[in-house]
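Count residues from 1 along the sequence.
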Amino acid sequence: MNQVSIQKPPVFKVCLIQMSILLPMAAIGLGLSVTVSYSLLLGGLLQIIPSAYFAYFAFRIVGAAHVNFALQQIYRGEMGKFTLTLVGFALVFLLVKPLHSVALFSAFLAMTFVYWVASAKVIHR
């Protein structure tokens with residue numbers, strides 16, 4: 001009998017790709033100001049950390065025998081991602097002064113775009 005094994009996608013590789021883009025982006029932001037730099041870094045981390053949390057839960061279970069448990073983990077991961085993102089933004093806006101909100105949201109959106117593109121490329125390999 002030939003058994004087929006489903007490989008876990010290398011989703012944490014996407015987080016490394018995001019960090020390899022975010023860190024130079026924040027370093028370049030230092031040329032504008034320290035506030036822009038850490039706002040860029042925080043905005044990127046507000047996307048990367050919740051995405052890594054989701055990836056941890058969503059892709060740790062593989063196999064048809066564990067479908068119900070895997071689905072529960074995907075829901076748990078998505079709710080955790082949503083909660084971490086909301087709480088993260090709330091904490092940043094409450095605790096970080098001064099803050100460059102355009103840089104924060106720009107980095108968040110840029111890392112979201114990188115996540116989509118890198119995920120598509122990594123999964124299709």
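Residues L45 and M19 meet the side-chain proximity criterion, which asks for heavy atoms closer than 4.5 Å. Residues L41 and L22 meet the side-chain proximity criterion, which asks for heavy atoms closer than 4.5 Å. In this structure, the side chains of V117 and I17 stay at 4.5 Å or more apart for every pair of heavy atoms.
V36 and M25 fall within the same hydrophobic cluster, where Ile, Leu, Val, Met, Phe, Trp and Tyr residues are linked whenever their side-chain heavy atoms come under 4.5 Å apart, directly or through other members. L40 and L23 fall within the same hydrophobic cluster, defined by Ile, Leu, Val, Met, Phe, Trp and Tyr side-chain heavy atoms under 4.5 Å apart, directly or through other members. W116 is connected to V14 through a chain of hydrophobic side-chain contacts under 4.5 Å among Ile, Leu, Val, Met, Phe, Trp and Tyr, so both are in one cluster. Linking Ile, Leu, Val, Met, Phe, Trp and Tyr whenever their side-chain heavy atoms come within less than 4.5 Å leaves F108 and I28 in two separate clusters. In terms of hydrophobic clustering, with Ile, Leu, Val, Met, Phe, Trp and Tyr side chains grouped at heavy-atom distances under 4.5 Å, L42 and M111 are assigned to different clusters.
Atom CD of Q47 sits about 9.5 Å away from atom CG of L109, to the nearest 0.5 Å. Separation of atoms NZ (K13) and OG (S119) is listed at 12.0 Å; rounding is to 0.5 Å. Here CG of L84 is found 11.0 Å from CE of M79. Values are rounded to the nearest 0.5 Å. The CG atom of L46 lies 9.0 Å from the CZ atom of F105; values are rounded to the nearest 0.5 Å.
Counting all heavy atoms, side chain and backbone alike, A26 lies closest to S37 at O-OG, 2.7 Å. Of all non-hydrogen atoms in Y115 and S51, the two that sit nearest each other are CE1-CB, 3.8 Å.
Under the side-chain contact (heavy atoms from CB on, under 4.5 Å) criterion, E78 pairs with F54, K81, sequence neighbours left out.
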Solution key, residues 86-104 side-chain donor-acceptor pairs under 3.5 Å, sequence neighbours excluded:
| from | atom 1 | to | atom 2 | distance (Å) |
| --- | --- | --- | --- | --- |
| K97 | NZ | F93 | O | 2.7 |
| H100 | ND1 | A103 | N | 3.1 |

